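Keep in mind that this is a model prediction, so the values were computed, not measured.
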Amino acid sequence: MAAGIPDTTTTAPPAPAIVVANPWATLWQTIVRYDSQKVTPWMALRNALGVAMPLAAGALFGALAGGLIMSTGALNVAFSDSDAPYTQRARRMLGASALVGCAVFAGALCGHNTVIAVSIATAWAFAAGMLVALSSTAADLGTTSLVVLVVYSAFPMSFEKALGSGFLAFAGGLFQTLLAVAFWPLRRFAPERKTLGELYRALAQAAARPVRTTDAPPATAESTQAQNALATLDREHSIEAERCRLLLSQAERLRLSLMTLARLRKRIDREEPSNPAATVLDRGFYLISRVLNSLGNALVAGEPARPLPEELQELEMLAEKLRAPEDGRPSPATAMIADARFQMDAIGGQLRSAVDLSAHASPSGAQAFVRHEARQPWSLRLGSIAATLRANLSLDSAACRHAVRLAACIAIGDGIAHWSRFRRPYWLPMTIAIVLKPDFSATFSRGVLRLIGTFLGLAAATGLFHVLPPSLTAQVALIAVLMFLMRCFGPANYGILVIAVTGLVVLLIALTGVAPADVIAARGLNTVVGGAIALIAYWLWPTWERTLAPEAMAQMLDAHREYFRAIRESYQNPDQPLERRLDRVRFAARRARSNFEASVDRLSAEPGLSSETLHILSAMLASSHRLVHAFMSLESGLSTSRPVAARDEFRPFADHVELTLYYLAAALRGSRLTQQDLPDLREDHHRLEQSGDPVTERYALVNVETDRITNAVNTLSEQVLQWKAVARF
């Protein structure tokens, strides 16, 4: 055990007291909630064209069955469409197209044998449930492909026909992909980057003209605009979104540091006007303004920021000048100068972090980051799919528990569907796949909305089928309209989506010659049974996330602390073989991070949570990602740099990092914590940086990564203290 670190194997402090709102009241709020920010008319238009055009072409050329299968592929792939950058959007939709094609082929081929069909559906359901560990987009893709599999297993085909149907579904998805990348070119996060750029420009102006104590805090309006602009990203966990959140976090810290430094400058001038520290601070403000202005211009233009190493290096030299008076004697302003030096050190670290983040926040910078990640071993990639899934293959993982629950329910539902005499039995497992989610609130709200929406959709589709002219053109037009409504307004409220998709499926099946009125009762019965299975399963194994989120965060910090401990011991004892231990603790850290990501996602779906608390939790998650990325870079340096003796100053720095992470985890579990209880990591890092030969490769790498660790841990400390002040679940 590292020196000075408490033994955390003892009983953890109790979790903070949490006020829980009435679950049924919050459930009703979820059911009726309508999020207008999720209305996407342009995306809905292209998705509607992607579904309707294959149908129209099939009708025109006398191949309606083939057009119907293509439209099915396009319909399912449309759920993977988004306003992400073209490369990401195309990659995601191509993967969805291939997966839907495989699901059509596998379902149609195995439908002849009930045991094989149920076994494949169960295995597919487990895999789909595990995708929750990656992202909500991956989870939606798994659910969509699972629905396609169970539907087509009810329509067994020969090998040749199943293969052809799979290719047609893939072609439909490919057509939807082409529409998504050929039209409506949107640059994702461009508005957020521009707002952040304006904030950094405002901070640059504040640094160039330090505010008076009677003035409002600097960049107040720009800070409010940036907070509002990034509020919609609190449920987004992509690397680009987290960079934006981290840039905002650094800007807020810079804003406070600049205000504090400006006040210290005024006090020093008042106490000792002739002190040379005033000139040092004036030069520091000028350099800070130049770096901030460069950052702001780069973010507005969507380009990587210029590193400006000369300005940052001179800023460090200026902070060094403040470290001790030139004549060695204290003065009336000595204490204020020491505080100013602390702020200068902090601002230097914040600026380096912001420059690093800005370099990858632009489209070209993001591509450079992807190339850098691709050169890393798979186990050291922050977003490694294989490593994340492997780390979550444990019942300690929320994703794995959801996968087991989903697989068990699909096995029961699909078995009932195949061995019963229900008409249209595939609606039973399909309902389970759609309703059952990782969290209690979403599962029950979806269950209620699924039941209500299905009956309303069935009734509406049946009525429209009889009212409208019995022509193929009218049916195709109505399908396009329902597809538009589903993709435009469905994300805003799940009930709207269910009504639209139910009517859409009814009309698609009607094109095969089955009248809606003939099967409305069968569909209703299967929906009720499938929804009941999903709801009962989660009723027996529920999770109210608001009681678990603080502990999930604390466990993630504990896991990160253990990971860092293994890394620091590898640096201090280069001759000891610690690879297996590093693998074990890294996987544990990945699993803990995935658990907390899933916890924040589930918590965001529970009404009664303040937007401020959700924002803080999302910011804490983003900061923890930056922290673990620095840890990974340190671990990577074990194999890419020549071993040297660890510096004496490394031990107290590492001890204090572990101690801080321990205190933060304990605070999340209810222990008392103040800023004064935490070690001064910035001073520890300064001593570390001043020791050893900076030209030595390993020392240089450790200096850079420990600077990032210092910044990330200090940011986390501020966020945890802020959370303790406002969190009231």
Straight-line distance of [X] [atom1] to [Y] [atom2], nearest 0.5 Å:
X      : Y      : atom1 : atom2 : value
Leu472 : Leu55  : CG    : CG    : 8.0 Å
Met43  : Leu179 : CE    : CG    : 13.0 Å
Phe167 : Phe105 : CZ    : CZ    : 9.0 Å
Leu168 : Leu163 : CG    : CG    : 10.0 Å
Met483 : Leu45  : CE    : CG    : 11.0 Å
Ile479 : Leu482 : CD1   : CG    : 8.0 Å

| query | Would you call Asp81-Arg487 a salt bridge at under 4.0 Å N-O? | reply | no

Would you say [X] and [Y] make side-chain contact, with heavy atoms under 4.5 Å?
X      : Y      : result
Ile416 : Ile533 : yes
Phe170 : Val104 : no
Phe79  : Val100 : no
Met430 : Val151 : yes
Phe126 : Leu406 : no
His625 : Glu597 : yes

| task | Tell me, yes or no, whether the heavy-atom count around Phe155 atom CZ, taken from other residues, nucleotides or ligands under 6.0 Å, exceeds 12. | result | yes

| query | CE of Met53: more than 12 outside heavy atoms within 6.0 angstrom? | reply | no

| task | Apply side-chain contact (heavy atoms from CB on, under 4.5 Å) to the pair Trp124 and Val148, showing each step before the final yes or no. | result | CA-CA 11 Å; Trp124 201 293; Val148 172; over 6 Å; no

Shortest non-hydrogen contact between [X] and [Y], atoms and distance:
X      : Y      : result
Leu109 : Ala162 : N-CB, 4.1 Å
Gly413 : Pro429 : O-CD, 4.2 Å
Ala592 : Met556 : CB-CA, 3.6 Å
Pro54  : Met70  : CB-CB, 3.9 Å
Ser165 : Met157 : OG-SD, 3.3 Å
Gly530 : Ile432 : O-CG1, 3.3 Å

| query | Judged by modelled atom types alone, do Thr114 and Trp419 share a side-chain donor-acceptor pair under 3.5 Å? | reply | no

| query | Out of Asn47, Leu75, Val51, which one pairs with Met486 under the side-chain contact (heavy atoms from CB on, under 4.5 Å) rule? | reply | Leu75

| task | Decide side-chain contact (heavy atoms from CB on, under 4.5 Å) for Phe175 and Val77; before the verdict, give the C-alpha distance in whole Å, the side-chain angles of both, and the deciding distance to 0.1 Å. | result | CA-CA 10 Å; Phe175 179 66; Val77 172; over 6 Å; no

| message | With a 3.5 Å distance limit and no angle check, can you tell me whether Thr72 reaches the backbone of Ala169 through a side-chain donor-acceptor pair? | response | no

| Taking the side chain from His402 and the backbone from Met130, do they hold a donor-acceptor pair closer than 3.5 Å? | no

